[in-house]
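Read the structure below first, then the notes.
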Amino acid sequence: MECINKYFNNLTEKQISQFEKLKSVYEQWNAKINVISRKDMDSFYERHVLHSLAIAKIVSFLADSEVLDVGTGGGFPGVPLAILFPQTKFTLVDSIGKKIKVVEEVCKELDIKNVTAINSRVEQIDKKFDFIVSRAVTQMPEFVKWVRGKIKKSSKHSLDNGILYLKGGDLTEELASFKNIQLYEISNFFSEEFFETKKVVYLKN
């Protein structure tokens, strides 16, 4: 938890409590349905929670805005972002039903009210969102095809509507075909070694 408090010091008591309980709730569910590797569980707050919250260093989601988390797995980046932005509506989608079950149970146990979890392929979601977030589920060109037509045209944030994608490593080749790409180095926000090669890729709609 220290790494969350270090970078996000305006949390409410409820948010602090939710973040504090997050690891134990995931440990319980991870024992039944494996969504996080054991090794990663040791660095849970850094590698999963703080990594997810890097998106919050790029944009503060407004109340009543709508965010889609594609290929959420066990709920990342969607669940930590939903705790941080309790007035924002998050839709978390994954094609694997047991992963969505974990998301639903975690949200129930932590009283997270602003998450809708859907077991589906993203192509079948018939709705538009302000932002689409994800954590390295596929190569960017493929991802953009999946979510085409799912971003609202009119923007109300300081950042134009678009995709915010958590990726690591050298992305030169993968992103070569995109003109509207902006890369944010997570190491500019968080000093932990884990984030040295990690980025938030922003693609404007």
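Just so you know, residue 1 is the first one in the sequence shown, and it goes up from there. This one's a predicted model, so the numbers in the text were calculated from it and none came from an experiment.
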Can you give me every donor-acceptor pair (side chain of residues 15-22, partner residue at least two apart or in another chain, under 3.5 Å) with its distance?
{"from": "Gln15", "atom 1": "OE1", "to": "Thr12", "atom 2": "N", "distance (Å)": "2.9"}
{"from": "Gln15", "atom 1": "OE1", "to": "Thr12", "atom 2": "OG1", "distance (Å)": "3.3"}
{"from": "Gln15", "atom 1": "NE2", "to": "Ile83", "atom 2": "O", "distance (Å)": "3.0"}
{"from": "Gln15", "atom 1": "NE2", "to": "Leu84", "atom 2": "O", "distance (Å)": "3.1"}
{"from": "Ser17", "atom 1": "OG", "to": "Lys21", "atom 2": "NZ", "distance (Å)": "3.4"}
{"from": "Gln18", "atom 1": "NE2", "to": "Leu110", "atom 2": "O", "distance (Å)": "2.9"}
{"from": "Gln18", "atom 1": "NE2", "to": "Asp111", "atom 2": "O", "distance (Å)": "3.4"}

When you measure from the side chain of [X] to the backbone of [Y], do you find a donor-acceptor pair of N or O atoms at a distance under 3.5 Å?
X      : Y      : result
Asn119 : Ile100 : no
His157 : Leu62  : yes
Asn114 : Lys89  : no

Just checking, any donor-acceptor pair under 3.5 angstrom between side chains of Thr138 and Tyr165?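 Not at all, the side chains of Thr138 and Tyr165 share no donor-acceptor pair under 3.5 Å.
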
In terms of heavy-atom contacts, does [atom1] of [X] have more than 12 from other residues, nucleotides or ligands at under 6.0 Å?
X      : atom1 : answer
Asp126 : CG    : no
Glu2   : CD    : no
Lys6   : NZ    : yes
Lys156 : NZ    : yes
Glu173 : CD    : no
Lys23  : NZ    : yes

Is there any salt bridge (Lys or Arg N to Asp or Glu O under 4.0 Å) pair reaching into residues 69-78, and which pairs are they, with sequence neighbours excluded?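 Sorted result for residues 69-78: empty, none.
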
Suppose we call two aromatic rings close when their centres sit under 6.0 Å apart. Are Phe131 and Phe61 close by that rule? yes

In terms of ring plane angle, is the pair Tyr184 and Tyr202 parallel, tilted or perpendicular, where the classes change at 30° and 60°?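 It falls in the tilted class, 30° to 60°.
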
Which class fits the ring pair His51 and Phe194: parallel under 30°, tilted 30 to 60°, perpendicular over 60°?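 Perpendicular: the ring planes of His51 and Phe194 meet at over 60°.
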
Enumerate the residue pairs fulfilling ring-ring contact (aromatic ring centres under 6.0 Å, His included) with a member in residues 21-43, sequence neighbours excluded, ordered by first and then second residue.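 Residue pairs passing ring-ring contact (aromatic ring centres under 6.0 Å, His included), neighbours aside: Tyr26-Phe44, Tyr26-Phe76.
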
Give a yes or no on whether a salt bridge exists between Lys101 and Glu104, defined as a side-chain N under 4.0 angstrom from a carboxylate O.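 Looking at Lys101 and Glu104, the cut-off is not met.
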
Is the closest basic N to carboxylate O distance between Asp94 and Lys99 below 4.0 Å? no

With rounding to the nearest 0.5 Å, note down the distance linking CD1 in Ile186 to NZ in Lys57. 12.0 Å

